[in-house]
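To find a chain, count down the sequence lines: A is the first, B the second, and so on, and within it residues start at 1.
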There are 2 protein chains.
Amino acid sequence: MGAPTVYDVAKRAQVSIATVSRVYRNPDTVRSQTRDRVLAVARELGYVPSGNARGLASRSTGVLGLCFPDYADPEVEDDGAADDPEQMLYADEITRGMERAARRHGYALLIAASLAGGPESLVAKVAGRVDGFAVLARTVPTEDLEIISRRLPVVMIAGPREIDHLDHLEVANADGEYEMATHLIRDHGLRRLAFLGGTTDSPDAEARFHGFQRACAAAGLAVPDEPDTRGNFTQADGRAATDRLLQRVGQPPEAMVCANDQMALGALQALERQGLRVPQDVAVVGFDGIPLGRMVRPSLTTVTQPMRKLGEAAVDLLVERLGEPNRSPRSMLLPVTQTRRESCGCPSPAPEAGLSRLG
Amino acid sequence: MGAPTVYDVAKRAQVSIATVSRVYRNPDTVRSQTRDRVLAVARELGYVPSGNARGLASRSTGVLGLCFPDYADPEVEDDGAADDPEQMLYADEITRGMERAARRHGYALLIAASLAGGPESLVAKVAGRVDGFAVLARTVPTEDLEIISRRLPVVMIAGPREIDHLDHLEVANADGEYEMATHLIRDHGLRRLAFLGGTTDSPDAEARFHGFQRACAAAGLAVPDEPDTRGNFTQADGRAATDRLLQRVGQPPEAMVCANDQMALGALQALERQGLRVPQDVAVVGFDGIPLGRMVRPSLTTVTQPMRKLGEAAVDLLVERLGEPNRSPRSMLLPVTQTRRESCGCPSPAPEAGLSRLG
DNA sequence: CCGCATCCTGTAAGCGCATACACTAGGCGG
DNA sequence: CCGCCTAGTGTATGCGCTTACAGGATGCGG
């Protein structure tokens with residue numbers, strides 16, 4: 001009934017359990033004749049090594065972990081939305097990147113969205129079973145992270161560098177937004193730009209605003225202290241924030257620079273409702289590079305984050321640190337790319353891959 | 001240096017290791033006063049229970065696994081394609097579904113794409129570390145599956161039911177294609193339908209063809225023995241197969257029913273190149289419901305698979321079986337939905353969620 | 001023929017935890 | 001005041017594997 005173990009295999013193959021173990025761990029240290037016999041018996045018995053026992057004994061699991069917040073609202077999960085690419089958020093792309101990279105390095109990936117059971121559950125589930133893991137900002141309480149990171153490598157993805165001895169990964173938020181704003185000012189000749197910011201507790205959004213400020217300063221424009229309006233990153237927030245802005249200022253801005261794509265989409269909607277044309281009357285740009293941005297009309301100009309690469313870099317950092325535990329903490333800044341589509345006033349981009357003859 | 005263990009906590013809290021263990025496993029069996037003391041010490045020391053040791057001792061891990069083939073070609077991974085929603089394939093949606101469902105049941109998810117290191121690596125990595133897992137068809141050699149399934153619950157997703165004592169999950173391929181073909185025949189009055197099939201070793205594609213046959217038979221049309229042309233599921237194959245078909249038969253068919261969306265997209269391209277209008281001259285329908293189908297013009301009518309639900313159902317089956325190991329094997333058939341867009345001749349659909357004011 | 005290095009294999013000691021079982025201290029009815 | 005039950009805790013064992021360490025062969029030079 002119970003699954004066969006090294007003991008069963010050893011007995012049947014007339015060797016000691018050590019030899020069986022060696023066959024799997026250090027095949028070259030076993031005479032090939034013996035090895036073949038053991039393997040044959042193993043196959044015959046249906047032996048599968050216990051990862052737990054192996055991990056216990058060798059103090060390593062060959063598994064990396066990823067914790068991310070549970071963005072999606074489980075309630076709103078009708079079938080339509082369930083397969084909506086809009087739902088293809090951040091975390092999924094990072095997961096994909098990590099999975100790939102982990103595999104390349106011979107690791108498997110354990111994923112967990114933090115939610116249920118309090119922090120204990122997350123910690124127990126993931127931290128106890130992996131050799132190291134990545135955390136999306138604000139998923140795990142800093143306090144817990146502090147504890148866990150004493151035990152195994154942790155890399156923090158995005159967000160602020162809450163704990164300074166952790167490896168840290170972020171994208172060029174400020175530089176990306178600087179470039180984008182500069183593009184609007186320089187290439188499209190726009191002067192009255194408005195910034196639709198995120199919540200003040202989002203370091204990413206704040207960094208983007210700083211980039212925006214720098215661009216204004218560099219162009220000799222008035223530098224705002226604060227975003228002209230703010231939202232909580234959803235499309236609905238983008239609409240509302242845009243409405244508020246339009247209501248407040250008499251004349252609409254020439255361009256709206258939004259802290260993320262979702263809100264930029266909301267801005268598009270709000271502007272259209274007000275009878276303002278994009279990009280003729282108001283240019284709109286986002287940040288993130290979500291798939292939906294390509295589908296809407298006008299298509300959304302945005303700063304594209306290398307989300308897949310974030311995941312890969314996270315794994316690389318973990319593997320590096322596993323190999324060299326006392327290496328000083330590293331912080332990586334990943335570059336972003338400008339994706340110029342229609343909403344900033346650029347000509348409709350060349351048809352994109354896969355759509356060449358369909359557009 | 002080494003991470004703190006139950007022993008460290010026990011000594012510091014002046015209790016036995018058993019008590020420490022109980023604090024985590026059966027908190028109610030420990031006097032609250034003692035419990036608090038232990039927890040305080042644990043926090044102080046930064047104690048994190050070892051999942052390996054726990055798993056070893058309790059013979060369960062609280063982790064479910066997912067194995068899927070590595071579809072994406074790692075070579076073709078320039079940044080553009082990397083974030084392309086076209087890449088958002090099957091496996092990713094299933095992963096999402098499983099992750100959600102697993103979390104609901106208190107499990108974490110271990111994912112591994114089969115590729116490197118021979119089957120041993122996959123088996124060792126996943127099978128040895130989980131309480132049960134799901135396999136996408138043809139990922140793991142049947143022979144290995146046979147062995148592993150003697151040890152722990154395995155549910156097979158899609159594909160044929162290779163091993164009959166396994167729980168099995170599939171979508172209504174035949175019925176879905178039957179409905180779709182019937183729609184073309186009955187609602188659009190089309191009679192000369194061509195089927196663009198997959199490879200013969202794909203049971204899914206074959207099942208879809210059977211549905212197509214049934215629809216033909218039901219409508220009193222000639223029933224083909226074989227698909228009119230075949231491809232290997234990629235867009236390029238769809239183009240090539242369509243070209244071959246058009247070249248072979250003098251008159252183009254009134255409709256092309258394609259075994260999957262990718263090939264349907266290829267068909268769209270090939271038809272347009274030949275100067276044939278879709279859907280006026282030739283209707284085209286796909287199968288799968290990939291996001292890209294919504295983006296192309298004409299937008300693609302297709303049979304949408306509930307991929308997310310597949311993942312959830314897989315977890316449900318696993319959890320069920322874990323609770324009742326000797327339950328007789330179950331096979332679930334998930335329904336598909338018809339997604340009627342432009343390419344079949346239906347009117348452009350109502351704007352979809354999130355695009356309402358943007359289209 | 002002996003000593004020693006080389007190769008292969010066995011012995012045994014954990015790895016960190018769960019848990020059956022034994023045990024102690026009270027509480028309670030008789 | 002005794003037996004018995006309950007609650008709380010400790011003792012001891014084992015989960016299945018890895019890995020020093022310790023041999024037993026074997027081959028070689030001396």
Side-chain angles (χ1 to χ4, degrees), chain A residues 1-39 41-42 45-63 120 123-125 127-131 151-152, chain B residues 1-38 41-42 45-62 120 123-125 127-131 151-152:
Chain A
M1 194 60 210
T5 72
V6 272
Y7 295 97
D8 303 314
V9 175
K11 195 187 307 173
R12 201 105 198 291
Q14 320 240 46
V15 295
S16 73
I17 61 164
T19 299
V20 175
S21 177
R22 276 191 279 261
V23 165
Y24 287 90
R25 296 272 71 71
N26 304 299
D28 343 319
T29 70
V30 177
R31 202 188 352 170
S32 66
Q33 179 186 332
T34 313
R35 194 192 322 151
D36 294 344
R37 183 155 36 96
V38 169
L39 284 175
V41 170
L45 259 40
Y47 168 69
V48 178
S50 154
N52 283 325
R54 176 174 298 184
L56 221 209
S58 67
R59 280 172 274 309
S60 84
T61 64
V63 178
E120 170 56 31
V123 166
K125 275 278 183 279
R129 323 198 70 87
V130 299
D131 290 342
R151 194 189 211 277
L152 43 75
Chain B
M1 193 62 211
T5 72
V6 272
Y7 295 97
D8 303 314
V9 176
K11 194 186 309 173
R12 202 105 198 291
Q14 319 239 46
V15 295
S16 72
I17 62 162
T19 298
V20 176
S21 177
R22 277 191 277 261
V23 165
Y24 287 90
R25 298 271 70 72
N26 303 299
D28 343 318
T29 69
V30 177
R31 199 181 359 162
S32 67
Q33 179 185 332
T34 313
R35 194 191 323 150
D36 293 345
R37 184 155 37 98
V38 169
V41 171
L45 258 41
Y47 168 69
V48 178
S50 154
N52 284 325
R54 178 174 296 183
L56 221 208
S58 67
R59 280 170 275 304
S60 83
T61 64
E120 169 57 30
V123 167
K125 275 278 182 284
R129 323 197 71 86
V130 299
D131 290 343
R151 193 188 212 277
L152 44 74

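Listed nucleotides: D:dT18, D:dG10, D:dT19. Nearest to the side chain of B:T19: D:dG10. Considering only the side chain of B:S16, D:dG10 comes nearest among C:dG16, D:dG16, D:dG10. Proximity note for B:S58 (side chain, C-beta onward) versus D:dT18, C:dA18, C:dG10: the nearest is C:dA18. Nearest to the side-chain atoms of B:L56 among the listed nucleotides C:dG16, D:dT9, D:dG10 stands C:dG16. Listed nucleotides D:dC17, D:dT9, C:dC17 differ in distance to B:V6; the shortest reach to its side chain belongs to C:dC17.
In this entry the distance linking CG of A:D36 with P of C:dT9 reads 11 Å, nearest Å. Between the CD1 atom of A:I17 and the P atom of C:dC8 there is a distance of 20 Å, rounded to whole Å. When rounded to the nearest whole Å, the span between CG of B:D8 and C1' of C:dG16 equals 10 Å. Separating the CZ atom of A:R129 from the P atom of C:dC15 is a distance of 19 Å, rounded to the nearest angstrom. With rounding to whole Å, A:R35 atom CZ is found 13 Å from C:dC7 atom C1'. Look at CZ on A:R25: it is 19 Å from C1' on C:dC8, rounded to the nearest Å. Summarising the geometry, the separation between CD on B:Q33 and C1' on D:dA7 is reported as 14 Å, rounded to the nearest angstrom. The CZ-C1' distance, from B:R54 to C:dG16, rounds to 11 Å in whole Å.
The side chain of A:T5 contributes no N or O atom lying less than 4.0 Å from OP1 or OP2 of D:dC15. Regarding contacts with the backbone of C:dC17, a side-chain N or O of B:Y47 is found under 4.0 angstrom from either OP1 or OP2. The side chain of A:R31 contributes an N or O atom lying less than 4.0 Å from OP1 or OP2 of C:dT9.
Of all non-hydrogen atoms in B:A3 and A:R151, the two that sit nearest each other are CB-CG, 3.5 Å.
Between A:R37 and A:R59, the residue anchored closer to the 5' end of DNA chain C is A:R37, taking for each the nucleotide with the nearest heavy atom. If A:A18 and B:N26 are placed on DNA chain C by their nearest nucleotide, the residue sitting closer to the 5' end is A:A18. Projected onto DNA chain D by closest heavy-atom contact, B:T29 and A:G55 fall at different nucleotides, the more 5' of which corresponds to B:T29.
The main-chain N or O of A:T5 is found under 3.5 Å from a side-chain atom of A:D8 such that the two form a donor-acceptor pair. Looking at A:D131, its side chain never comes within 3.5 Å of a backbone N or O of A:S60 through a donor-acceptor pair.
Among the atoms of the strands shown, base atoms are found under 4.0 Å from some heavy atom of A:S21. Within 4.0 Å of A:V30, counting heavy atoms only, lie sugar-phosphate atoms of the nucleic acid but no base atom. Using a 4.0 Å heavy-atom criterion, one finds that A:V15 contacts the sugar-phosphate atoms exclusively.
Contact check for A:R35 versus A:P27: side-chain heavy atoms found under the 4.5 Å cut-off. Using a 4.5 Å heavy-atom threshold, the side chains of B:T34 and B:T19 count as touching.
Scanning atom types as modelled, one donor and one acceptor separated by under 3.5 angstrom connect the side chain of A:R22 and the base of C:dG10. In the interface, the side chain of B:Y7 is not paired with the base of C:dC15 through any donor and acceptor atom under 3.5 Å apart.
Using a 3.5 Å distance cut-off with no hydrogens or angles, the side chains of A:N52 and A:R129 do pair a donor with an acceptor.
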